[in-house]
Amino acid sequence: MNWKRTHYCGTVNKELVGQAVTLNGWVNRRRDLGGLIFIDLRDRTGLVQIVCSPEVLSEEQYRLAEGLRQEYVVSVSGVVRPRPEGQANPNLATGEIEVDVQSLEILAESKTPPFPVDRAADVDDTLLLRYRYLDLRRQPLQETIAARHRIVHYVRNFLDSHGFLEIETPMLTKSTPEGARDYIVPSRVHHGKFYALPQSPQMFKQLLMIAGFERYYQIARCFRDEDLRADRQPEFTQIDLEMSFVEAEDIMNLMEEMMIGLVKAITGREVPAPIPRISWAEAMLRYGSDKPDTRFGMEIVDVTDSVSQSQFRVFAAAIAAGGVVRGLNAKGCGAKFSRREIDNLVEEAEKYGAKGLIWINVGEGEIKSPIAKFLSEQETTAILRKLQAESGDLLLLVADAAPTAADVLGRLRLSLGKQLGLIDENRCDFIWVTDWPLFEYSEEEGRWVAAHHPFTAPHDEDLGILATDQRNVRAKAYDLVLNGIELGGGSIRISRKEVQMKMFEALGLSEAEVQEKFGFFLEAFEYGAPPHGGIAFGLDRLVMLLTGRDSIRDVIAFPKTTSAMDLMVGAPSAVSPQQLRELKLNLKLEEN
RNA sequence: GGAACCGUGGUGUAGUUGGUUAACACACCGGCCUGUCACGCCGGAGAUCGCGGGUUCGAGUCCCGUCGGUUCCGCCA
């Protein structure tokens, strides 16, 4: 018997009635009625019912059919026929027909699976991950992994049609000082020396620009040895690209064309072009976040000017220290919230790092607030006007240093937006956040560090203050944000050596350090580096959003647990003494 | 590094105030069953309650530790 399939299970339909077909697949479920056996046969396209009848099959073949169990792999040949009157199954795409089996072959038996493969059950993750190949057989994961393929395929086609070349870069590379903790790999040939797995192909893609490829991309695996989250794995994939002879505009325009097309292709949704843009400073002011969720309003308003002369000590002290007073209007919550609920908001704000949260409950012609008596008539009126307060509203104010006020109100805004059901889950709100600060101050290290990475170009107008006024240097950097989630970011890079040297100087790196870490890179810039820039998107997060999953593990075929273990293969694991000897490594494990 | 929640037959759960025989459904095994589709009916097997220690006459239950999972903070672009 030839066991090779002529059709896929999920594609057998009425048009094939009367035709002989051969199907391959797994036994999803069997219903043995004694003298008649129904089997749902499953392959990656779906299910189809096959019928084994003693009137058609030989005794030997029927006995084979009786022995079938879940997850057996079989090949069946038979004739497609309509189901009898009233026996159609509307829940099945192939529910109007069935296959009358004439011969069957067991290609592989299966042990009873450790968890049900054929139906949704909330099984312990440990078990699902240990038997990941069985979990992957289930419909939702099959669909997600297939969607991931379609997304990558779309991106490859798009970039190919725009002249990009897919070029691989090394996985065994060099540890760099800035950024995340590296995964390191010992060298056997060079004792005591280590490779690092790339956190991103950043320097390589810039070198490819210097090499004259002009347009590069890569579906690049990246590694960061940091603690995991629902949306963070230690190895993840970036859609990474770089272009020469372009400005930020060019990259953003091309990328929004790609993203809008991708969303259309995968979800069928129309996203209107152009994607709105907002500067980082404005995003922080209005949304209190560098990745604003623009699916709802409730924007933050600065009222510092209105209370600059205030006698109220909390306001006066914050302003005297160079801080701000900002607030947001929780529409209708004044009338709706109990005192208890308002107190919870205060507590929440304190958890986010605020010294306190001032609330004003706006009533009909009067206000209720613990600070009502400290504010002058004019101040109150100005605050109400700026926040467009109406009767029934609840105003929430924070007086603090600008970054803290922004952060606290930004988080409160998101939390209230969720709590009040203001977020329309069906919306697909992209926004570009541009003009990021080039530096941020690291309290831990007591110096300015690169906000993005040290190759990001500053704005031309800010070149003069590069090493003197780090706080106010803006970068030619842009992030693409979708529904409050950062999808990716990039920048125009520094392409002149003297600017790069000034950048390192501003970061407080010594000449020797620069030579040791980046010498090869700087040298390349002496041989004709074109102006260039690029961007990288987190593929896993993108797939997660486009398929509506809520964990990155659902979009990676073989993911790791929150403690960075692969429960299927059992990694990480000990290595043999022989391997350690070759590497000249001694383990000095601390007791307990 | 820190916090919270979870861990009971193969799977999902129940298990009262600590009380002696750990319950239910599905899956599994055997029998019956020719139109099922979460097939049905009858019967059966299957658990040292994640692991270690403690309190107690007695621990699935209380306490401590530990391992594993998940979520969050720190960390991470």
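Chain letters run A, B, ... following the sequence lines, proteins first, then strands; residues in each count from 1. Please read these numbers as outputs of a predicted model, since none were measured by experiment.
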Does A:Ala451 reach a base, just sugar-phosphate, or nothing at all? Heavy atoms under 4.0 Å.
base
Rounded distance in Å between the P positions of B:C24 and B:G46
15 Å
Output the rounded distance in Å from CZ (A:Phe455) to P (B:A77).
13 Å
A:Glu440 atom CD is separated from B:A77 atom P, nearest whole Å, by 9 Å
Touch check for A:Thr562, heavy atoms < 4.0 angstrom, all strands: base, sugar-phosphate only, or nothing?
base
Side-chain donor-acceptor contact under 3.5 Å, A:Arg69 with A:Ser110
no
Can you check the A:Arg229 CZ to B:U70 P distance for me, whole Å?
13 Å
Side chain A:Arg232 and base B:C75 donor-acceptor under 3.5 Å
yes
Close side-chain approach of A:Lys560 to A:Arg553, heavy-atom, < 4.5 Å
no
For B:C6 and B:G60, measure between their C1' atoms and round to the nearest Å.
15 Å
Contact class for A:Leu127 (heavy atom, under 4.0 Å): base, sugar-phosphate, or nothing?
sugar-phosphate
Same-atom distance (C1') from B:G40 to B:A59, integer angstrom:
42 Å
Pick base, sugar-phosphate or nothing for A:Asp118, based on heavy-atom distances below 4.0 Å to the nucleic acid.
nothing
Are a donor atom and an acceptor atom from the side chains of A:Gln70 and A:Trp26 found within less than 3.5 Å of each other?
no
Using a 4.0 Å heavy-atom cut-off, does A:Gly179 contact any base of the nucleic acid, only the sugar-phosphate backbone, or nothing at all?
sugar-phosphate
What distance, rounded to whole Å, do you find between the two C1' atoms, one in B:C51 and one in B:G68?
10 Å
Need one value for A:Arg553: base, sugar-phosphate or nothing, where a base atom within 4.0 Å counts as base even if backbone is also close, heavy atoms only.
sugar-phosphate
Compute whether any side-chain donor of one residue and acceptor of the other, for A:Thr547 and A:Glu143, lie under 3.5 angstrom apart.
no
Using whole Å, what does the distance between atom P of nucleotide B:C75 and atom CG of A:Asp182 come to?
18 Å
Tell me what A:Asp227 touches on the nucleic acid: a base, only sugar-phosphate, or nothing, going by heavy atoms under 4.0 Å.
base
Side-chain donor or acceptor of A:Arg81 under 3.5 Å from a matching atom on the base of B:G35?
yes
From the candidates B:C76, B:A27, B:U36, the one with an atom nearest any side-chain atom of A:Ala180 is B:C76
Within the structure shown, what part of the strands sits under 4.0 Å from A:Pro84 by heavy-atom distance: base, sugar-phosphate, or nothing?
base
Using a 4.0 Å heavy-atom cut-off across all strands, classify A:Ser563 as base, sugar-phosphate, or nothing.
sugar-phosphate
C1'-based separation of B:G58 from B:U21 [nearest Å]:
16 Å
Under a 3.5 Å threshold, yes or no: a donor from one side chain and an acceptor from the other, between A:Arg493 and A:Ser491?
yes
Check every strand shown and say whether A:Arg83 touches a base, only sugar-phosphate, or nothing at a heavy-atom separation below 4.0 Å.
base
Distance-only donor-acceptor check, side chains A:Asp554 and A:Thr144, under 3.5 Å:
no
By nearest-heavy-atom nucleotide on RNA chain B, the more 5' of A:Leu129 and A:Gly34 is A:Gly34
Between B:G18 and B:C49, how far is it from one C1' atom to the other, in whole Å?
15 Å
B:U36 base stacked by A:Phe38 (centroids within less than 5.5 Å, tilt under 30°):
yes
Does a donor on one side chain sit under 3.5 Å from an acceptor on the other, for A:Arg42 and A:Gln139?
no
Once you apply a heavy-atom cut-off of 4.0 Å, does A:Arg69 come out as touching a base, just sugar-phosphate, or nothing?
sugar-phosphate
Which part of the nucleic acid, if any, lies within reach of A:Glu98 when heavy atoms closer than 4.0 Å are counted: base, sugar-phosphate only, or nothing?
base
Whole-Å P distance, B:U56 and B:C63:
16 Å
Just name whichever nucleotide pairs with B:A3, Watson-Crick or G-U, keeping both distances under 3.5 Å, else none.
B:U71
